[in-house]
S.K.: 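Got a structure here, written out as C-alpha cells. Questions coming.
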Number of protein chains: 2
Amino acid sequence: MTFWKFFFNYKQTTKLKKQTKDGTTNVFVKKVEKSNIYMSTCKKINLEELEKLCDSVGWVRRPLKKVKFALENSFLTISVFQIENKYKRLIGFARVTSDGSFNATIWDVVIHPDFQGNGLGTILMNQVIKKLREYDISTITLFADPQVVKFYQHIGFIVDPDSVKGMFWYPT
Amino acid sequence: MTFWKFFFNYKQTTKLKKQTKDGTTNVFVKKVEKSNIYMSTCKKINLEELEKLCDSVGWVRRPLKKVKFALENSFLTISVFQIENKYKRLIGFARVTSDGSFNATIWDVVIHPDFQGNGLGTILMNQVIKKLREYDISTITLFADPQVVKFYQHIGFIVDPDSVKGMFWYPT
C-alpha cells in the first residue's frame, strides 16, 4: 500500500448569526475561509483522535485495542486532515476491507460536522474509489444508513442491484 | 490464521429413477451413502480445482492470478473436501474479507450441485460464523442473490436491518 498526499484549497463556509430589530436571531451571512486539506493513506493513525472524530458524529466509543487491530487489517484507510498554522486536525476518515482483487467494502465513513455540507464527503469517497480502481477492484460495496443512501447514490452507488440484498448476522 | 480440520460423516442422498408400468419415469427412491467430509482454513488452494467448483454452479471464469491474490488477501477461507478412497475432492468453499475486529463480509459461498440440498451449505456457513466469532467479530455481512436470501435467513441473517441498505458501485 503506497503512501500519498493530496492538497487542495477548501472553502469553509460559516453561517453567522445576526440579531434583527425585533429581537429575533437570524442566520443570514456566510463567511468563507480557505484552508489546506490533506489526505493520507498512512495507517499510523492517532487512535484517540480518530475516536474523537467518531464521537463528533455520535458513534458509540469502541475499545482502542480493537480499533488498532481493525486499522491494521483494513485494506485501505484514508484520513482527511485540515492544516492550519502548522496544526493538523483529523476531520474525515474512511476505511475499506477488501481482497485486493475483486471485492471491497467501505466502512466508517465520517466527516466532522464542522466540515459537512461542502462536498468533502464526496471528495473523500471519490478518492476511496480511485484507490480501489488502481487495484482493478470492480465490486465496491457498502452498507448505508437510510439518511445517507441519497448521498451514496449521488456518488454512483446503487441500492440492491439485480435485487441483490445486503444481509447481516449479529450474535444473539 | 490457524489451520484446522473437521471430520464428520455425511449422508449423501441420491434420488433414483424407476420406470412404472405405464412407461413413465418417476423419482421415488433415495439411496443413502456415507462419506467423510473435511473442512480446512488452509489457504493453499488448488486454483484450477476452485474454478472448476465455481464452474459447476455456473459462475463466470476469473483470471487465476486475480483469484490467487484475492485468496491471499482474504481474512478467512474455508474449503470443503469429500474424501473417498484417498481421493480428495473440493466440493464447497467460502471466503471472507474482514478487519479481524468489527466487520466481516462473506463472499463466494459455493457447494457443488451433487452435494446441495443436504445441509452442507448450512454447516459451512455455521463454521464461517464460528471462526469469525472466535475473533469477536460481531457484524457479519454478505450480499445475497434473491434465490438464496431464504437460505441465509434460515441461518440467522437479516435483510436490511434498521433499513440499512446494501449498495454497490461498479465501473462504467
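Residue numbers start from 1 in every chain, and the chains themselves are labelled A, B, ... in the order their sequence lines are given, proteins ahead of strands.
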S.K.: Between A/L120 and A/I91, is any pair of side-chain heavy atoms under 4.5 Å apart?
M.R.: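 A/L120 reaches A/I91 side chain to side chain.
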S.K.: Working to the nearest 0.5 Å, report the span between CD1 of B/I78 and CZ of B/F93.
M.R.: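 Interatomic distance, B/I78 CD1 to B/F93 CZ, rounded to 0.5 Å: 9.5 Å.
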S.K.: Which region of B/I129, side chain (C-beta onward) or backbone (N, CA, C, O), has a non-hydrogen atom less than 4.5 Å from a non-hydrogen atom of chain A, or is it both or neither?
M.R.: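 For B/I129, the side chain is the part near chain A, not the backbone.
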S.K.: Contact part of A/L71 toward chain B, heavy-atom cut-off under 4.5 Å: side chain, backbone, both or neither?
M.R.: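 Contact with chain B involves no heavy atom of A/L71 at all.
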S.K.: Would you kindly confirm whether B/I37 and B/V128 end up in one hydrophobic cluster when ILVMFWY residues are joined by side chain heavy atoms under 4.5 Å apart?
M.R.: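 They do share one cluster, since a chain of ILVMFWY contacts under 4.5 Å joins B/I37 to B/V128.
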S.K.: Using only distance, no hydrogens or angles, which N or O donor-acceptor pairs sit under 3.5 Å between chain A and chain B?
M.R.:
residue : atom : partner : partner atom : Å
A/K66   : O    : B/S101  : OG           : 2.7
A/K66   : NZ   : B/S101  : O            : 2.9
A/K66   : NZ   : B/D136  : O            : 3.0
A/K66   : NZ   : B/D136  : OD2          : 3.2
A/R95   : NH1  : B/D99   : OD2          : 3.0
A/R95   : NH2  : B/D99   : OD2          : 2.8
A/D99   : OD2  : B/R95   : NH1          : 3.0
A/D99   : OD2  : B/R95   : NH2          : 2.8
A/S101  : O    : B/K66   : NZ           : 2.9
A/S101  : OG   : B/K66   : O            : 2.7
A/D136  : O    : B/K66   : NZ           : 3.0
A/D136  : OD2  : B/K66   : NZ           : 3.2
A/I140  : N    : B/W169  : O            : 3.2
A/I140  : O    : B/W169  : N            : 2.7
A/L142  : N    : B/M167  : O            : 3.0
A/L142  : O    : B/M167  : N            : 2.9
A/A144  : N    : B/K165  : O            : 2.8
A/A144  : O    : B/K165  : N            : 2.8
A/I158  : N    : B/F168  : O            : 2.7
A/I158  : O    : B/F168  : N            : 2.9
A/D160  : N    : B/G166  : O            : 3.3
A/K165  : N    : B/A144  : O            : 2.8
A/K165  : O    : B/A144  : N            : 2.8
A/G166  : O    : B/D160  : N            : 3.3
A/M167  : N    : B/L142  : O            : 2.9
A/M167  : O    : B/L142  : N            : 3.0
A/F168  : N    : B/I158  : O            : 2.8
A/F168  : O    : B/I158  : N            : 2.7
A/W169  : N    : B/I140  : O            : 2.7
A/W169  : O    : B/I140  : N            : 3.2

S.K.: For the CE atom of B/M125 and the CZ atom of B/F157, what is their distance to the nearest 0.5 Å?
M.R.: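 Going from CE on B/M125 over to CZ on B/F157, the span is 4.0 Å.
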S.K.: Tell me, side chain or backbone of A/V67 under 4.5 Å from chain B's heavy atoms, or both, or neither?
M.R.: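 The answer is both parts of A/V67.
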S.K.: Could you grab the distance from atom CD1 of A/I45 to atom CG of A/L50, nearest 0.5 Å is fine?
M.R.: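 That separation rounds to 6.5 Å.
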S.K.: Between A/I155, A/V149, A/I106, which shows the greatest number of heavy-atom pairs under 4.5 Å with chain B?
M.R.: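 Option with the greatest count: A/V149.
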S.K.: Going only through I, L, V, M, F, W and Y residues with side-chain contacts under 4.5 Å, is there a path from B/F143 to B/F75?
M.R.: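 No.
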S.K.: Is there side-chain contact between B/V80 and B/I123, with heavy atoms separated by less than 4.5 Å?
M.R.: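 No - every pair of side-chain heavy atoms lies 4.5 Å or more apart.
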